[in-house]
Protein chains: 2
Amino acid sequence: MNLKELSAKLNLSQTTVSRALNGYPEVKEETRRRVLDAAERYNYLPNARAKGLATGRSHAIGHVIPISSKHEMVNPIFGDFIAGAGETYSKCGYEMLISVVEDDQAEEAYRSLKRRAVVDGVIVHGPRKDDPRIPLLQDLDLPFVVHGRASGLALDYSWLDVNNRRSFQRATEFLLDLGHRRIALLNGLEAMDFASRRRAGYERALADRGINPDPGLEISGEMTEAMGYRGALDLLDRAMPPTAFLVSSMISALGVRRALEDRGLRMGADVSVITHDDALSYFTTGADVPLFTSTRSSVRDAGRQVAQMLIDGINTPDAPPQQVLLEAELMVGRSTGPAPTD
Amino acid sequence: MNLKELSAKLNLSQTTVSRALNGYPEVKEETRRRVLDAAERYNYLPNARAKGLATGRSHAIGHVIPISSKHEMVNPIFGDFIAGAGETYSKCGYEMLISVVEDDQAEEAYRSLKRRAVVDGVIVHGPRKDDPRIPLLQDLDLPFVVHGRASGLALDYSWLDVNNRRSFQRATEFLLDLGHRRIALLNGLEAMDFASRRRAGYERALADRGINPDPGLEISGEMTEAMGYRGALDLLDRAMPPTAFLVSSMISALGVRRALEDRGLRMGADVSVITHDDALSYFTTGADVPLFTSTRSSVRDAGRQVAQMLIDGINTPDAPPQQVLLEAELMVGRSTGPAPTD
DNA sequence: CTGTCATCTCAAAGCGTTTTCAAATCTGCC
DNA sequence: GGCAGATTTGAAAACGCTTTGAGATGACAG
């Protein structure tokens, strides 16, 4: 059933039917009812391709993600973010389009999405320092919102980020207050913007207490379980092992916990651990005291908000870019305690 | 730059240019070269909407997922599956479209995708017993492939599944051979088809050894970390606790491990654990002996294959449905050992 | 030189919408 | 009854592509 057939059944022109369906004011209320009823009865929905061609809008948002997990995209966080964004999309009548591309093809993918007019806008994941995608997208004139930020760019664009610097600074201060002095940092890849911000917060907190950050205590890499495990083992086996770990992801923190276990150390007593917790839906441990002390910020909620920002931006093209900075909350769990006195 | 402008620049008709670009034979080789060069130079790519309207194909595949994680969709597995499917899509020039919908709106979502002609086919996730989506999709005449199977349906459709029954049967036998007699099963929601198949395999192995399955040792629920933790604690605190756990997901297995730790039990010595491992990319622990003994099957690879099956099916509409049954491999890790003699 | 065939090219008709511009119909008022 | 103005409707032109059916052109044989 298409518009032509529907209008034939109604003895109306396609124009009138289209208007009635799209809520234009110049159609008699009775006619509109008749049209709406018929559409319902005959199960009519407008062909999205034709509509898109006519309106110049695709009502779709693109997410370009590199195929490898090198840049931490295809990871547990991604699923939750997508779920949040997807909620907003379906609420607003948008489709979500995901493009999985070779690592070096991301920019080409944006170009292609724009030129083929496949999407009305895109969301940028995992920004790096001076991320080239941002000037590219501005250049392409393709609306976008960044999940995170790219320091080093003097451009005005829309983003939503967690205050990573502040949250890791607070977490570090919390550990310092507990008496810890040798605090290790297991961070994401240094190229990732959030990682460098977290490190800045960590080092700032140490500096404020007159402690010189020890580069030997800072590890950065892809945030897998294995990275947490290996990194922690490595540090624990040194002459002066850290008494606390600040870990950038829950997954890696699980690796750290495994390492502690291997070495017969009790988490929260012998060694303290704070992790960043993205509040992943399948990892929440219910109502009791959480396993890990963590800096907490829902990535699903971030997805919802970022999507909404983008849709708003698409609907009001002349509005200035929006920036949102979320504060992570420090949740005290069972993985932290006073530094052991030795 | 659109086709009209491009053909104007070339002094050719749109017809010829279109044919040249799409590799039709009836255009002179020299002309084709000229067209291809110009397309390259002017950065021309055909408008996807217009192309779709003209050809009746959207070159997009839909994935409908319920908003909640109740049906275990928005979970770590999903990300990896999507990554695999996405690889195939971009290789074959398809877009991946993800629709996040309210739990009870999935069927309406399929209807809408079909009627609006948004996608050329869909992939069905997390089939349940007698899953109503399958007859619906057949009815809608929308090509689809199921990741998993739905027992109870006497329909012929395309699916790809892991041999869940066999893999859990083997895992159970492995535990039995190690001398375990009280083996707990921490399974996914009973409504999920894979969960009932796994249970069947487990009970079959027990029955083959003359052991009556104890319903008290079987727990099913959403496969979160908390579920593993709570379930294990509950079982461990009984009068006759199990000496081994068979767990349906890595995430829940991590919960089980936490419970063992809480009770001062050593995994692999006091209590054995086997889990199903979807070989998630960010969970691989490298080259050494894996932490968990597991039944292993790459969900990413499944994504790749399912996507390919669907695309093949779309391209040859008259071909019969395809079925693929993958065998999971039993990887012996450090979480299993002989049953303690008491 | 003509006719035949193969090769190459094109104008125009779709595909299913929206939207512009014009026309028809109604309303109230003199 | 006629007319201005408001209200409703409709025919047709876009949107950017593919594809049909037919027309040029050139080569070659008779």
Side-chain angles (χ1 to χ4, degrees), chain A residues 1-36 38-39 42-60 93-95 112-120 315, chain B residues 1-36 38-39 42-60 93-95 112-120 315:
Chain A
M1 172 69 56
N2 58 25
L3 187 60
K4 196 186 212 166
E5 292 162 21
L6 183 63
S7 7
K9 291 229 189 269
L10 285 162
N11 272 330
L12 286 172
S13 73
Q14 298 190 31
T15 312
T16 306
V17 175
S18 171
R19 280 193 180 126
L21 291 171
N22 291 306
Y24 281 67
E26 61 270 73
V27 43
K28 189 158 48 170
E29 211 36 58
E30 183 214 321
T31 314
R32 186 190 307 281
R33 272 259 57 84
R34 222 158 55 83
V35 171
L36 255 34
Y42 295 114
N43 251 338
Y44 170 79
L45 281 183
N47 179 303
R49 291 191 290 258
K51 186 165 189 157
L53 186 55
T55 58
R57 310 284 228 83
S58 59
H59 270 253
Y94 275 76
E95 307 292 342
S112 164
L113 288 178
K114 166 71 180 187
R115 289 213 304 261
R116 295 182 301 138
V118 173
V119 298
D120 294 338
N315 290 332
Chain B
M1 171 70 54
N2 59 23
L3 187 60
K4 197 188 210 166
E5 293 162 20
L6 183 64
S7 0
K9 291 228 188 266
L10 285 161
N11 273 329
L12 287 172
S13 74
Q14 298 190 32
T15 313
T16 306
V17 175
S18 171
R19 283 202 174 117
L21 291 172
N22 291 308
Y24 280 66
E26 61 270 72
V27 43
K28 188 159 46 172
E29 208 37 56
E30 183 214 323
T31 314
R32 187 190 306 283
R33 271 258 60 82
R34 221 157 58 82
V35 170
L36 255 34
Y42 296 115
N43 252 338
Y44 171 80
L45 281 183
N47 179 303
R49 293 191 288 259
K51 186 165 189 157
L53 186 55
T55 58
R57 311 284 228 81
S58 60
H59 271 255
Y94 275 76
E95 307 291 342
S112 164
L113 288 178
K114 167 72 180 185
R115 290 213 305 261
R116 295 183 302 140
V118 172
V119 298
D120 294 337
N315 291 332

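Please read all numbers here as calculations on a predicted model, not as lab measurements. FYI, side chains are in, hydrogens and waters are out, and symmetry mates aren't considered; it's all heavy atoms of this structure.
- Taking side-chain N and O atoms only, B/Lys51 has no distance below 4.0 Å to OP1 or OP2 of D/dG16.
- Considering only side-chain N and O atoms, B/Asn47 lies nowhere under 4.0 angstrom from the phosphate OP1 or OP2 of D/dC15.
- Comparing C/dC8, C/dG16, D/dT9 by their nearest atom to the side chain of A/Ala50 picks out C/dG16.
- Within the structure, every side-chain polar atom (N or O) of B/Ser18 is placed at least 4.0 Å from both OP1 and OP2 of D/dT19.
- Using a 4.5 Å cut-off on side-chain heavy atoms (C-beta onward), B/Tyr44 and B/Lys9 make no contact.
- Across B/Thr15, B/Leu21, B/Val17, a single residue satisfies side chain to side chain contact (heavy atoms under 4.5 Å, CB included) together with B/Arg19, and that is B/Thr15.
- Of the N and O atoms on the side chains of A/Ser13 and A/Thr16, at least one donor lies less than 3.5 Å from an acceptor on the other residue.
- The distance from atom OH of A/Tyr24 to atom P of D/dG10 is 17 Å, rounded to the nearest whole Å.
- Not a single donor-acceptor pair, N or O on each side, falls under 3.5 Å between the base of D/dG16 and the side chain of A/Arg116.
- Side-chain atoms of B/Asn22 do not come within 3.5 Å of backbone N or O of B/Tyr24 as any donor-acceptor pair.
- No side-chain heavy atom of A/Glu95 sits under 4.5 Å from any side-chain heavy atom of B/Glu95.
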Can you check nucleotides 23-25 of chain C for protein contacts, nitrogen or oxygen pairs under 3.5 Å, and list what you find?
none

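- Residue A/Asn2 places at least one side-chain N or O under 4.0 Å from the OP1 or OP2 atom of C/dG16.
- Using a cut-off of 4.0 Å between Lys/Arg side-chain N and Asp/Glu carboxylate O, A/Arg32 and A/Glu26 are scored as not salt-bridged.
- Taking every side-chain heavy atom of A/Ser13 into account, D/dG10 is the closest of D/dG16, D/dT18, D/dG10.
- A/Asn43 and B/Arg115 share a side-chain donor-acceptor pair at under 3.5 Å.
- Rounded to whole Å, the distance from CD on A/Glu30 to P on D/dT9 is 8 Å.
- Using a 4.0 Å heavy-atom criterion, one finds that A/Thr55 contacts the sugar-phosphate atoms exclusively.
- Spacing between atom CZ of A/Arg115 and atom C1' of D/dC17 amounts to 16 Å, rounded to whole angstrom units.
- By the 4.5 Å heavy-atom criterion applied to side chains, A/Ser18 and A/Leu3 are counted as neighbours.
- Considering only side-chain atoms of B/Glu26, the nucleotide from C/dT9, D/dT8, C/dT17 that sits closest is C/dT9.
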Verify salt bridge (Lys or Arg N to Asp or Glu O under 4.0 Å) between A/Arg34 and A/Glu29, making sure each step is shown before the conclusion. CA-CA 9 Å; A/Arg34 222 158 55 83; A/Glu29 211 36 58; over 6 Å; no
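- Nearest to the side-chain atoms of A/Thr16 among the listed nucleotides C/dC15, D/dG21, D/dG10 stands D/dG10.
- Regarding A/Leu3, its CG atom lies at a distance of 9 Å from the C1' atom of C/dT18, rounded to whole Å.
- Of the candidate nucleotides C/dT17, D/dT19, D/dG10, D/dT19 has the atom lying nearest to any side-chain atom of B/Arg19.
- Comparing the start and finish of the helix from C/dC1-D/dG30 to C/dC30-D/dG1, five pairs each, the helix axis swings through 70°, to the nearest 10 degrees.
- Residue order along DNA chain D, read from the 5' end via each residue's closest nucleotide, puts A/Pro25 first among A/Pro25 and A/Thr15.
- Taking every side-chain heavy atom of A/Lys28 into account, D/dT9 is the closest of C/dG16, D/dC17, D/dT9.
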What's the verdict on side-chain contact (heavy atoms from CB on, under 4.5 Å) for B/Glu5 and B/Asn2, showing C-alpha distance, side-chain angles and the deciding distance? CA-CA 5 Å; B/Glu5 293 162 20; B/Asn2 59 23; 3.3 Å; yes
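- Taking atom CZ of residue B/Arg33 and atom P of nucleotide C/dC8, one finds them 16 Å apart after rounding to whole Å.
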